[in-house]
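In the text below, chain A, chain B and the rest are named by the order of the sequence lines, each starting its count at 1.
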Amino acid sequence: MEQGGLGSDSVPPSGSIDKSRVLDVRPLRCLVPMFPSSPGMGSVSNPHATPFVCVPPTGPFPPGVSPLYPFSVSNGSHNNQNTAAGQPGPYGFGNTSTIPSPVPLNAFRTPQGPSINGDAGRSRRGNRNRTGQGIVIEDDDDYSDSQNHSEPYVSGFSMHVNDVEAGSSGRRKKGGGSQKRTRRAQQQLESFSEVDVDSEANGILAVFRLAELDPDKKSNGDKELVQRILLIFDLLRRKLTQLEEAKDPTPGSTRRPDLRAATTLMTNKGVRTNSLKRFGHVPGVEVGDIFFFRMELCLVGLHAPSMAGIDYMSVKLTMDEEPLAVSIVSSGGYDDEGNDGDVLIYSGQGGVQRRDGQMFDQKLERGNLAMEKSLHRANEVRVIRGLKDVANSTGKIYVYDGVYKIQNSWTEKNKSGCSVFKYKLSRVAGQPAAFTLWKSIQQWKDGVTSRSGVILPDLTSGAESQLVSLVNDVDDEKGPAYFTYIPTLKYSKPFSSPKPSTGCHCIGGCQPGDSNCPCIQRNGGYVPYSSLGVLMSYKSLIYECGQTCSCPPNCRNRMSQAGLKVRLEVFKTKDKGWGLRSWDPIRAGAFICEYAGDVVDASRVSELASENEDGYVFDSTRIYEPLEPVNDPSIEPAKAPFPLVISAKNSGNVARFMNHSCSPNVYWQPVLQESNNDSYLHIAFFAIRHVPPMQELTFDYGMIRSDQTSYRRKKCLCGSAKCRGYFY
DNA sequence: GGGACTTCAGCCAC
DNA sequence: CGTGGCTGAAGTCC
């Protein structure tokens with residue numbers, strides 16, 4: 001497991017450990033990213049920080065267009081935080097040396113959202129009337145309002161998107177006539193009721209302590225909240241998928257569980273964050289973060305529209321309000337070209353009838369107008385790149401590629417002869433690589449360029465279906481100590497089954513909704529995995545099909561037996577010995593690998609711990625914190641039914657290289673395979689959240705019991721906010 | 001406040 | 001495996 005013993009500096013020299021000193025160790029904030037996927041942008045932690053500071057205009061600007069001072073600069077908390085962490089400001093665009101004193105924010109009034117004065121859209125309409133008369137009158141009421149409401153205004157150039165009033169949970173207005181309504185109602189009766197969705201959501205929210213969300217947090221998030229909301233969304237989405245599938249196994253019966261989950265959370269429960277629209281980065285979302293649904297972008301405030309590609313907001317300057325673009329999603333819906341790493345050519349919206357596909361000229365309105373204005377104001381625009389998901393042919397992955405600025409705009413005639421707006425955007429310098437990293441990885445895979453620092457192209461020598469590279473691009477070490485690669489767990493003697501199992505008879509594989517399948521029955525009536533191999537919910541134990549089952553090896557209920565699904569590499573970390581990471585994106589709940597090695601008699605664990613100082617041990621008898629923050633007695637934490645201890649010192653697989661973290665992105669689940677009287681317990685690792693390529697994979701090694709004294713304490717370098725400071 | 005309109009979804013079938 | 005059909009939901013506009 002932890003590679004501390006292999007010449008790294010994560011463990012003090014043996015024999016001379018000053019425990020009092022070790023105990024005093026503070027969480028280190030020095031996990032310098034080797035690859036750009038890391039804690040990088042450190043997220044804006046101060047929600048009250050002024051998002052904009054003044055910089056000199058960087059014209060030239062066209063006549064009649066005044067430069068918008070507040071843009072083009074990051075907020076101060078970025079810099080402070082990163083200075084404290086001993087890192088340079090991650091984005092460069094902060095360029096603080098050129099910043100004169102900030103301009104009072106009320107010089108740039110924002111339109112007031114309904115949460116502020118309950119009068120949404122007033123200023124817009126008022127404005128239009130005034131300009132219609134050719135006279136611009138400063139609205140005194142509005143102005144004094146904005147000064148009095150200093151609380152919402154300190155958050156600066158931002159506005160509430162949708163402030164859900166407390167207690168309006170029943171609000172789910174449906175457009176359309178009664179005919180549409182009844183049909184919808186009918187459909188919902190056929191699948192499952194709103195009550196089911198609601199109670200599922202309430203259950204999850206209670207467990208994750210998000211039943212009522214602080215309005216301040218709803219407006220301005222942080223990394224922890226962003227991750228928690230994404231986790232809840234995906235748990236609910238997976239649960240709804242599973243419920244629908246079991247009720248009606250015919251394909252096509254699943255009615256957008258992504259939308260159901262998102263609206264239940266956002267609209268009904270008010271669970272969302274960063275609902276204040278803003279320019280620039282979003283607190284808690286880092287460059288390189290990945291998403292699998294458009295609704296996820298909405299939930300965390302990265303991009304509000306559920307479908308539209310351009311998000312924008314009206315900004316009141318000294319006189320007029322004008323729309324400015326805040327973010328775009330580039331999904332290849334139009335013919336975007338020249339997507340060469342840090343440059344993006346983006347097409348305007350409109351010009352096509354969604355019904356019949358008929359085309360006409362695009363107009364300079366809505367998003368197109370906002371893009372045009374943003375070109376002149378030179379504000380930062382967030383870019384989310386939609387890419388094809390290789391693991392899911394019809395699916396897409398959205399990569400947050402950081403902020404860009406619009407360089408240029410023009411119109412073109414498309415194939416149908418209609419004019420289309422085009423915008424050239426270039427990436428603001430100094431941000432961690434995101435989209436370009438994806439391109440590099442593709443080139444490594446295609447063999448166009450080679451991954452630098454490769455020691456071995458395949459450390460498994462063909463034992464796995466996927467290659468696993470051994471890479472060191474930080475120092476001279478030529479590899480970890482010798483071990484034998486084995487892809488699965490080795491039992492000398494299986495546990496004995498409490499009751500004999502004859503297995504299932506699902507010739508074509510176990511199907512959801514088949515209530516006769518004994519394997520599905522043992523999993524509580526559901527197949528535990530989705531069709532994509534994603535674990536649908538946390539379980540205390542997963543029952544997979546075993547040797548005596550008639551189903552084929554590709555049965556959905558044999559996920560952890562099917563081998564590696566992603567392209568992994570074992571790499572030398574900067575300060576934690578060897579580690580594990582993936583070239584491929586991994587979605588939340590996806591199976592990663594099992595813990596292979598030799599099953600050891602649990603009574604030998606002390607002996608093993610003392611002779612196996614490098615910690616190549618998996619011990620299910622340790623104390624593992626449940627993933628859920630609430631100790632709900634009805635929810636059992638993952639706990640193996642037998643005391644399973646695995647040694648991977650002499651033989652093991654990629655799992656032995658996974659390092660410890662106090663806020664990990666991977667967790668383990670016990671998986672049981674039974675045949676006749678024998679029980680084979682395995683440890684399977686799954687992603688807790690979406691993991692972008694090249695982000696180190698870590699799990700929580702757990703705490704030792706008071707009688708497990710032979711384990712040696714090691715200094716933890718995980719760098720997370722809730723780091724315990726040590727691990728075993 | 002409400003309803004129409006717009007929109008680089010997502011899923012499955014063909 | 002590409003594409004076409006179908007149902008979507010948020011936000012803006014009116």
| request: Report which part of the nucleic acid A/Asp311 touches: base, sugar-phosphate, or nothing (heavy-atom distance under 4.0 Å, all strands). | output: nothing
| Mapping A/Ala262 and A/Ser393 to their closest nucleotides on DNA chain C, which lands nearer the 5' end? | A/Ser393
| note | Rounded to whole Å, CG of A/Leu259 lies from C1' of B/dC11 at a distance of 11 Å
| Spacing between A/Arg272 atom CZ and C/dA9 atom P, to the nearest angstrom | 15 Å
| Minimum-distance nucleotide (side-chain atoms of A/Lys388 versus B/dA9, C/dG2, B/dG10) | C/dG2
| What integer distance in Å separates A/Arg366:CZ from C/dA10:P? | 18 Å
| Can you find a heavy atom in the side chain of A/Val383 that is under 4.5 Å from one in the side chain of A/Leu344? | yes
| Per A/Asp258 side chain, nearest of listed nucleotides B/dA9, B/dG10, C/dG11 | B/dG10
| query | When you measure from the side chain of A/Arg260, which nucleotide among C/dA9, B/dA9, B/dC11 comes out closest? | reply | C/dA9
| query | Roughly, in whole Å, what's the span from NZ in A/Lys363 to C1' in B/dT6? | reply | 11 Å
| query | Honestly, is A/Lys239 close enough over A/Tyr526, meaning NZ or CZ under 6.0 Å from the six-membered ring centre and within 45° of the axis? | reply | yes
| For A/Tyr400 and A/His281, does a side-chain donor sit closer than 3.5 Å to a side-chain acceptor? | yes
| Minimum-distance nucleotide to A/Ser347 side chain [options: B/dC8, C/dT7, C/dA10] | B/dC8
| message | For A/Glu365 and A/Thr394, find the nucleotide of DNA chain B closest to each by heavy atoms; which residue's nucleotide sits nearer the 5' end? | response | A/Glu365
| Between A/Met295 and A/Tyr312, which is nearer to the 5' end of DNA chain C once each is assigned its nearest nucleotide? | A/Met295
| query | Taking side chain as C-beta onward, heavy atoms only, is A/Leu425 less than 4.5 Å from A/Ile328? | reply | yes
| field | Spacing of A/Phe421 atom CZ relative to B/dT7 atom P, expressed in whole Å | value | 13 Å
| With a 4.0 Å cut-off, would you call A/Asp214 and A/Lys218 a salt bridge? | no
| query | Whole Å only: how far is the CD atom of A/Gln349 from the P atom of B/dA9? | reply | 12 Å
| field | Separation of atom CG in A/Leu240 from atom P in C/dG8, rounded to whole Å | value | 15 Å
| query | Is the A/Phe591 to A/Phe686 ring centre distance short of 6.0 Å? | reply | yes
| task | Tell me whether the centres of the aromatic rings in A/His690 and A/Phe291 are closer together than 6.0 Å. | result | no
| field | Identified stems (criterion: three or more consecutive Watson-Crick or G-U pairs, under 3.5 Å), DNA chain B | value | B:2-7 with C:9-14, B:9-14 with C:2-7
| said: Can you see whether A/Asn368 engages A/Glu372 through a side-chain donor-acceptor pair at a distance of less than 3.5 angstrom? | reply: no
| request: Please tell me which of the listed nucleotides, C/dA9, B/dT7, C/dG11, lies nearest to the side chain of A/Ala304? | output: C/dG11
| message | B/dA9, OP1 or OP2 - any side-chain N/O from A/Tyr398 closer than 4.0 Å? | response | yes
| task | Give the nucleotide from the list C/dG8, C/dG11, B/dA9 with an atom nearest to the side chain of A/Lys396. | result | B/dA9
| request: Assess whether one donor atom and one acceptor atom, taken from the side chain of A/Arg256 and the base of C/dA9, lie less than 3.5 Å apart. | output: no
| query | Considering only side-chain heavy atoms of A/Lys277, which listed nucleotide, B/dC11, C/dA10, C/dG11, is closest? | reply | C/dG11
| task | Check salt bridge (Lys or Arg N to Asp or Glu O under 4.0 Å) between A/Arg556 and all other residues, then give those that pass, not counting sequence neighbours. | result | A/Glu245
| message | So, does A/Arg294 get its side chain near the phosphate of B/dA9, meaning an N or O under 4.0 Å from OP1 or OP2? | response | yes
| message | Mind checking if A/Gly350 touches a base, just sugar-phosphate, or nothing, with heavy atoms under 4.0 Å? | response | sugar-phosphate
| message | Looking at A/Thr267, I'd like to know whether one of its side-chain N or O atoms comes within less than 4.0 Å of OP1 or OP2 on C/dA10. | response | yes
| remark: When rounded to whole Å, the CD to P distance for the pair A/Glu244 and C/dG8 reads 11 Å
